[in-house]
*Asks:* 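The following block contains the structure, expressed as C-alpha cells.
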Amino acid sequence: MTLREFLSDRLGRIALWLVCIGLALLFLFATGTQPGVLALLLLALLLVFVTVQAADFFRQRTRLLELENILESLDRKYLFMECVSPPQNLYERHLFDLTRRAGRAMTGAVSDAQAAQREYREYVEQWVHEIKAPITAARLICRELDGKTRRKLMAELAQIEAHVERALFYARAENPEQDCLLRQVDLGKIAAQAIENHRSLLIQSGVRVETEGLDCTIYTDEKWAVFILGQLLQNASRYRGTEPVITLSAKPLGKQVQLVVRDNGIGIPAHELTRVFDRGFTGSNGRSRGGSTGMGLYLCKKLASFLDLGLHIASQEGEGTAVTLTFSAKGNLTKM
C-alpha cells in the first residue's frame, strides 16, 4: 500500500476532519479568541491529525506486508487463512471469519468437482477397456469376409480403436504421474509397435514407411511414446499426398536421441503452425478432409511436456511435414 493509495482511500474522512477544524476555529474566532491562540490551536490540531494518520498508515502498511509475506511463503496459497497471524482488531476478526467460511465453501466445491472428474475419468477408462472386447470380436468376424470388404472393415475398426485410445489417453493425461513408468527401451521397438498398431490405416492409405537409424536406446515411457508416435503416423496418413512416404530417422545427440518423423504430404499452412498444438484446433486441412478432432497433437504436446520430451514441428505447404521428437537420456530427466 502506497501513501497515495492510503490518502485516496481516506479522502472523505480527511475532508471531514478539515471542515470540522475550520468550523471550530471560526466559532472560537467569533467568540473573541485571539488570532495568536487560534494559530497555535490550529497548528496543534493539524499536528495531532497528521500524527494519527501517519501512525495509522504505517500500521496498516506493516500489517499488509506481513500478510503478503505469509502468502508468498506458502506453496499452497489456499492455506493462507489457516496460517495467517491472529486478527489485530474486531474488523479483522470478522473479515477473517468471513474469508475462512468462503474458503471452506470453495474447498468443498473444488473437492466435489475433483471427485466428479475422478469418477468420470474412471468411467472413461472402464468404458475403453470394455469397448475393446466388441472391437476384437468384430475383427475376428471380419476374417470370414472376402478380401476387399475385410480390408475396408478392418480399416474402419482401426479408426474406431484409434479414437478409443485417444479418449483413454485424454482421461489419463489429467494425472499422468499415476500411469507413467520411465525406463530404458529400444527406439526401434517403439517405432515397430506404433507401425503395427496402425498397419490397417497405413495399408489402406497406400503409405510406405521407411526407417533409418532406429537402433537406439532411449529413456521414456514406452506406452506413451508409442501413442505419440502413433498420432504422428495417423496425421501423416490422413494428410497424405500422391505416392505417400513416411520416414522415421533417428540420430544420437550427446545424451539425447532425436527422432524425425517426416512425410511428403500436403503440409500445413504457415499461419496455422503456431496453433497446431492447441486443444481442438483442426485447421483448414482438417476441415476440408474431415474426421479431425484437433486432439491428437494437443495430447502429444501435453504428454511430451510431462516426459521432458522435445516436440517440434516444421512444415511447408504442398511439400510435407517434419515432426522432431527429442528424447532425454536418464541423467537429464527432471521428472521421475
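Numbers here simply count residues along the sequence, with the first being 1.
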*Asks:* To the nearest 0.5 angstrom, please state how far the CG atom of L232 sits from the CG atom of D263.
*Replies:*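 These two atoms lie 9.5 Å from each other.
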*Asks:* Closest approach of V276 and L297, non-hydrogen atoms and distance?
*Replies:*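 That closest heavy-atom pairing would be O-CB, 3.5 Å.
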*Asks:* Any chance you could measure N235, atom CG, to C300, atom SG, to the nearest 0.5 Å?
*Replies:*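 So the gap between those two atoms works out to 7.5 Å.
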*Asks:* Locate the shortest heavy-atom distance separating L157 from I135; write the atom from each residue and the value.
*Replies:*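 Scanning both residues completely, I find the closest heavy atoms to be CD1-O, 4.4 Å.
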*Asks:* Give, for atom CD1 of I246 and atom CD1 of I195, the distance between the pair rounded to the nearest 0.5 Å.
*Replies:*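 Taking CD1 in I246 and CD1 in I195, the distance rounds to 8.5 Å.
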*Asks:* Which is it for I190 and I218 under the side chain to side chain contact (heavy atoms under 4.5 Å, CB included) test, yes or no, and what are the steps along the way?
*Replies:* CA-CA 10 Å; I190 289 177; I218 59 175; 3.8 Å; yes
*Asks:* Taking 4.0 angstrom as the limit, do E272 and R275 come out as a salt bridge?
*Replies:*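 Between R275 and E272 there is no salt bridge, as every charged N stays at least 4.0 Å from the carboxylate O atoms.
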*Asks:* So, are R63 and E92 salt-bridged, with charged N and O less than 4.0 Å apart?
*Replies:*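 Here R63 pairs with E92 in a salt bridge, since their nearest N and O are under 4.0 Å apart.
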*Asks:* What distance do S111 atom OG and M106 atom CE have between them, rounded to the nearest 0.5 Å?
*Replies:*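 Here the interatomic distance stands at 9.5 Å.
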*Asks:* Is the shortest side-chain N to carboxylate O distance from R93 to D97 below 4.0 Å?
*Replies:*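 Salt bridge flag = no for D97 with R93.
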*Asks:* Does R59 come within less than 4.0 Å of D56, counting only side-chain N to carboxylate O?
*Replies:*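 The answer is yes: the pair qualifies as a salt bridge.
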*Asks:* Would R199 and Q204 satisfy side-chain hydrogen bond (donor to acceptor under 3.5 Å, both in side chains), going step by step from the backbone distance to the final call?
*Replies:* CA-CA 8 Å; R199 178 180 296 276; Q204 185 189 36; over 6 Å; no
*Asks:* Out of curiosity, I313 CD1 to T324 OG1, how far, rounded to the nearest 0.5 Å?
*Replies:*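 Reported to 0.5 Å precision, the distance equals 9.5 Å.
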*Asks:* Carefully, step by step, assess I131 and I160 under the rule side chain to side chain contact (heavy atoms under 4.5 Å, CB included).
*Replies:* CA-CA 10 Å; I131 202 66; I160 294 174; 5.9 Å; no
*Asks:* State the CG-CD distance between D186 and Q193, to the nearest 0.5 angstrom.
*Replies:*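 CD of Q193 is found 12.5 Å from CG of D186.
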*Asks:* Is the shortest side-chain N to carboxylate O distance from R208 to E243 below 4.0 Å?
*Replies:*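 A salt bridge is absent here (no side-chain N lies under 4.0 Å from a carboxylate O).
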*Asks:* State whether K189 and E196 are salt-bridged, where the test is any N-O pair (Lys NZ or Arg NE/NH1/NH2 against Asp/Glu carboxylate O) under 4.0 Å.
*Replies:*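 Looking at K189 and E196, the cut-off is not met.
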*Asks:* Which class fits the ring pair F169 and F227: parallel under 30°, tilted 30 to 60°, perpendicular over 60°?
*Replies:*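 The rings of F169 and F227 lie parallel, inter-plane angle below 30°.
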